[in-house]
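Data block below; observations after.
Letters go in sequence order (proteins before strands), and every chain restarts at 1. Only this structure's heavy atoms are used, side chains among them; waters, hydrogens and symmetry mates stay out.
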Amino acid sequence: MTSNFGKGCHLHLIDGSAFIFRAYHALPPLTRKSDGLPIGAVAGFCNMLQKYVEDNAGPDAPTHVAVIFDKGSHTFRNDLYDLYKANREAMPEDLRPQMPLTRQATQAFNIACKELEGFEADDIIATLAVQARDAGGQVTIVSSDKDLMQLVGDGVEMFDAMKNRRIDRDGVFEKFGVGPERVVDVQALAGDSVDNVPGAPGIGVKTAALLINEYGDLETLLDRAEEIKQPKRRQTLLEKREQIELSKKLVQLDEATPLDFTLDDLVVKDPEPEALMAFLAEMEFRTLTKRIADQLGVEAPTIKDAPAKSEAEPQEDIPFDASNYECVRDAEALQPWLGQIRERGWVAVDTETTGLNEMIAGLVGISLCVEPGTACYIPLTHRASATDDLFGSDELAEGQMPLEEALALLKPVLEDPSILKIGQNMKYDAKIFARYGVAVAPIDDTMLMSYAMHGGEHGHGMDTLSERYLDHTPIPIKPLLGSGKSAITFDKVPIDDATAYAAEDADITLRLWQHFKPQLHQVQVTTVYETLERPLVPVLTEMEMHGIKVDRETLSRMSNAFAQKMAGLEAEIHDLAGETFNVGSPAQLGEILFDKMSLPGGKRGKTGKYSTGADILEDLATEHELPRRVLDWRQLSKLKSTYTDALQTHINPDTGRVHTSYSITGANTGRLASTDPNLQNIPVRTEEGRRIREAFVAEPGNVLLSLDYSQIELRILAHIAGIDALKQAFADGLDIHAMTASEMFDVPLDEMTPDIRRQAKAINFGVIYGISGFGLARNLRIPRAEAQGFIDRYFERFPGIRTYMDDTVSFAKEHGYVQTLFGRKIHTTEINAKGPHAGFAKRAAINAPIQGTAADVIRRAMVRMPAAIADLPAKMLLQVHDELLFEVSEDAVDATIEAARDVMEGASDPAVKLDVRLVVDAGKGANWAEAH
DNA sequence: GACATCACG
DNA sequence: GACGTACGTGATGTCC
């Protein structure tokens, strides 16, 4: 292949990222008028491109040009050194959505636009510059980045567009004190705090240049380091040789980046006015559009003042009308829908099933919607109604496409990476489809969008959202299914009724999506949605479908043992009471204790009944034998009914495993919630309860692996509130509760008693919960004044806590929400309420950023985990707030611990740089009791 | 279906 | 000055 590039050619390489960041910081945060899309950086970028084109139109005009961008955050340099660029700030929330637009802008100007996954722009620039130079051409790199200065030389120069200044060999020498060919040597020694290149400690650019000029190059210098007179310098160079050599690799540009294009592809082209105008008009840049139109001698398109027609925005109020819903009964009728979906690139999907348990429920029908108001329902396994079929309803109803045929037609669409599938609670539908061999991707989820934007404001179910944002009450399901004993499953619903109901759900989902989508960036939660909510769907889907093995025999044995013990206790209790009564009835127990036996401390709750909670019975236990027996009975009753009995019913007959369902939007703080069954509250605190975990087992040849964050909430508190003493204690690996106790009670660590430590521990937790004297007093069973004294002392010793609490509450009062370190917003609707509500809201506001940040951290870890353990015989099974449980082949335990721990401990990177390191403890065993 | 109770982090 | 108080969840049994 011969190239046309050669002598006489002049290549311009523009550092796109530099343009973007300069544009972003130079301009105020402009937004597009019609939908609020942040657009400031794009505007600045276009201005700079325009100016560049203008300035380079003369006789010196380049023959070839390209704008080069960075792509992805992980490059080969991260593999060399995992801390490379680790202290880089996360991209600002309002800049993110502008990144793809800058690429579009470049193309609109008809300038080549290049980027390559895994490489920095600088490497591509280096590769192209070398190719062009070697071909005999001339190169100008439009950038002032010092990292590019190593490329300057014969035929290659840089141009600082900001200062309007050329940078040649002399310019490089001025900056580094050496010529371009030795720049990397100087950089390797001097390091770079911005990119986190370590270099040689204590040596800056000046010293580095001095040394390099004296010894010729870095390698000679390092080989002859012994000769250096200054002892400190000599020692550094001898001891840090490896680090310096690594630094050189980090700063050295890759001049052989594998490119999928050639210099000839970069030949300068005239702008195509139509495309350029269309882009500028779409961005709604009025002045710039006009100016460029004038220059090109074309007419500027009119930019409407009225909100522009945007793809993700309802065009007008289209009424809900069931007569526009089509019942699709055969392949022929389905085809037009598939065509529309492919044309649009998105579709709202909803499934109807025989039940709410995704691991058991059968698929009954599928509804689709591509534009508001028109939707279809594809019935698949509806049963003939009783009137049609006197012999029961086992026969399939007439007029339905065979399930396999429908799935075969839909599968390519549902799995097409270029078609977005929109759902309300997509995890449910994805799990159903997965059981029928369809892997739905990519997805958007209106429930998760609502949660990201309105967490804490209201629920995120479809009915709530439809009423609130579409002003429409969906058809209720109750009349179709009935309730109680006579309730039927969806497959028994007549197809006509089902069509009206099901198609409407898809219609609502699409409308909600159009409503929410453009708002995500307006309220700055795009990153939260895209990194903490949506990616969790496939991860949780896999965990839930995999399930955890639970041994029925173990549970059954325990149930029997509990039943026996309970019977004995019950008899004793009745004896002590002098009558038989229902021990499980708090009301009856209260009367026995406080009326019949006249024990002290009888307090009536708001319903007029005595309270008989564990703490009250605990106090009463010193007075009488009965309360202790009841406490014991209650513990057994709880363990039996909630765990050993109920868990058995949740063992899936097909898989022999228990499949919980995680709710992503269940907790206001960002935590997950586990239901059906709840596997996040399996007993552990008492010895008897803990034994239930012995029933959670690994398959033969495997073990369970538990990795949990150590004190994650206190670490986050130390970071957020900026408590130096706490940070230091974590850095030193101290026992944090003992250290707190030592600080507060002036007890040296080596004289610490368990009781003092216990009190400090209660205070540490109290702080996370928004401490009060009353609460602490009750928890520690000490006088309220004493508890208040502890708290005062705590605030005195750790003054940042008070400030954090006050600042958080006032932020909540002003904004109506609080935020986690990762930008999750938790709305605090009651914060300005009067009365007792206010106290609750305050404490919740104080707790939310801490609990929520911890929740974000483990979410990030979970999202990254599948890739990290993909090559290992390991599966992630459960999440319990600060713990992840894995099942792994015995021979891969250590590798899995290492991989999973790396992910968990580094989960906050690079978005948030924590002042306190995250620490993960690991345990393994044949069952969960041993592993934890 | 509300309430009380208790399991977890 | 009084009020009511630790934060976040889900499942179970009683009782109306």
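With distances taken from any side-chain atom of Phe840(A) to the nucleotides dT5(C), dC8(B), dG10(C), the minimum falls on dT5(C). For Ser641(A), the side-chain atoms get nearest to dT12(C) when compared with the rest of dA6(C), dT12(C), dT14(C). Of the candidate nucleotides dG4(C), dG8(C), dA4(B), dG8(C) has the atom lying nearest to any side-chain atom of His881(A). Taking only side-chain atoms of Arg671(A), from C-beta outward, the nucleotide of dA4(B), dA11(C), dG9(B) with the closest atom is dG9(B). Counting only heavy atoms from C-beta on, Gln635(A) has its side chain closest to dA7(B) among dC15(C), dA7(B), dA4(B). For Asn779(A), whose side chain is taken as the heavy atoms from C-beta onward, the closest listed nucleotide among dA6(C), dA4(B), dA7(B) is dA6(C).
One finds a side-chain N or O of Asn582(A) lying less than 4.0 angstrom from the OP1 or OP2 phosphate oxygen of dT14(C). Taking side-chain N and O atoms only, Arg685(A) has a distance below 4.0 Å to OP1 or OP2 of dC8(B). Taking side-chain N and O atoms only, Thr669(A) has no distance below 4.0 Å to OP1 or OP2 of dT9(C). Put simply, Ser637(A) has no side-chain N or O that comes within less than 4.0 Å of OP1 or OP2 on dT12(C). An OP1 or OP2 oxygen of dC7(C) is reached within less than 4.0 angstrom by a side-chain nitrogen or oxygen of Arg843(A). Note on Thr642(A): every side-chain N or O is 4.0 Å or more away from OP1 and OP2 of dC6(B). Between Gln680(A) and dA11(C), a side-chain N or O to OP1/OP2 separation shorter than 4.0 Å is absent.
Defined by atom type and a distance below 3.5 Å, a donor-acceptor pair is missing between the side-chain atoms of Arg691(A) and Thr644(A). Using modelled atom types and a 3.5 Å distance limit, the side chains of Tyr451(A) and Asp445(A) yield no donor-acceptor pair. With 3.5 Å as the limit, one finds a donor-acceptor pair spanning the side chains of Thr655(A) and His659(A). In this structure, a donor-acceptor pair under 3.5 Å is absent between the side chains of Asn560(A) and Gln564(A). Looking at Asn764(A) and Tyr794(A), their side chains do bring a donor and an acceptor atom within 3.5 Å of each other. The closest side-chain donor-acceptor pair between Glu694(A) and Thr554(A), if any, does not fall under 3.5 angstrom. Checked by atom type, the side-chain pair Thr686(A)/Gln635(A) shows a donor-acceptor distance below 3.5 Å.
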Let me see the working for Thr675(A) and Ser661(A) under side-chain hydrogen bond (donor to acceptor under 3.5 Å, both in side chains), right down to the final yes or no.
-> CA-CA 5 Å; Thr675(A) 63; Ser661(A) 179; 4.6 Å; no
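Of all heavy-atom pairs spanning Gln588(A) and Asn582(A), the tightest one is OE1-N, 2.8 Å.
For the pair Arg634(A) CZ and dA11(C) P, the interatomic distance rounds to 21 Å; values are reported in whole Å. For the pair Leu714(A) CG and dC7(C) C1', the interatomic distance rounds to 13 Å; values are reported in whole Å. Going from atom CG of Leu717(A) over to atom P of dC7(C) covers 16 Å, rounded to whole Å.
Counting any heavy atom pair closer than 4.0 Å across all strands shown, Arg784(A) reaches a base atom. When heavy atoms are screened at a 4.0 angstrom cut-off, Asp882(A) is found touching the sugar-phosphate backbone but no base atom. Residue-level contact check: Gly839(A) touches neither bases nor backbone, having no heavy atom under 4.0 Å from any strand. No contact: Asp708(A) has no heavy atom under 4.0 Å from any strand. Heavy atoms of Leu639(A) sit nowhere under 4.0 angstrom from any nucleic acid atom. The residue Asn681(A) sits close to a base: some heavy atom pair falls under 4.0 Å. Note on Ala646(A): only backbone sugar-phosphate atoms sit closer than 4.0 angstrom, heavy atoms only; bases stay farther off.
Cation-pi geometry between Lys640(A) and Phe562(A) is not met: the NZ or CZ atom fails to fall both under 6.0 Å from the ring centre and inside 45° of the normal.
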Side-chain donor-acceptor pairs under 3.5 Å in residues 840-860 of chain A, sequence neighbours left out?
residue, atom, partner, partner atom, Å
Asn847(A), OD1, Gln851(A), NE2, 3.2
Asn847(A), ND2, Ile768(A), O, 3.1
Gln851(A), OE1, Thr669(A), OG1, 2.7
Thr853(A), OG1, Leu821(A), N, 3.2
Thr853(A), OG1, Pro849(A), O, 2.6
Asp856(A), OD1, Arg824(A), NE, 2.8
Asp856(A), OD1, Arg824(A), NH2, 3.2
Asp856(A), OD2, Thr820(A), OG1, 2.6
Arg859(A), NE, Gly670(A), O, 2.8
Arg859(A), NH1, Leu532(A), O, 2.9
Arg859(A), NH1, Glu533(A), OE1, 2.7
Arg859(A), NH2, Ile664(A), O, 3.0
Arg859(A), NH2, Gly670(A), O, 2.8
Arg860(A), NE, Ala907(A), O, 2.5
Arg860(A), NH2, Asp909(A), O, 3.0

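Residues from residues 759-775 of chain A that place a heavy atom under 4.0 Å from any atom of DNA chain C, listed by number: Ala762(A), Gly766(A), Tyr769(A), Ile771(A), Ser772(A), Phe774(A).
For DNA chain C, runs of at least 3 consecutive pairs of the Watson-Crick or G-U wobble type, with both hydrogen-bonding distances under 3.5 angstrom, map to B:1-9 with C:7-15.
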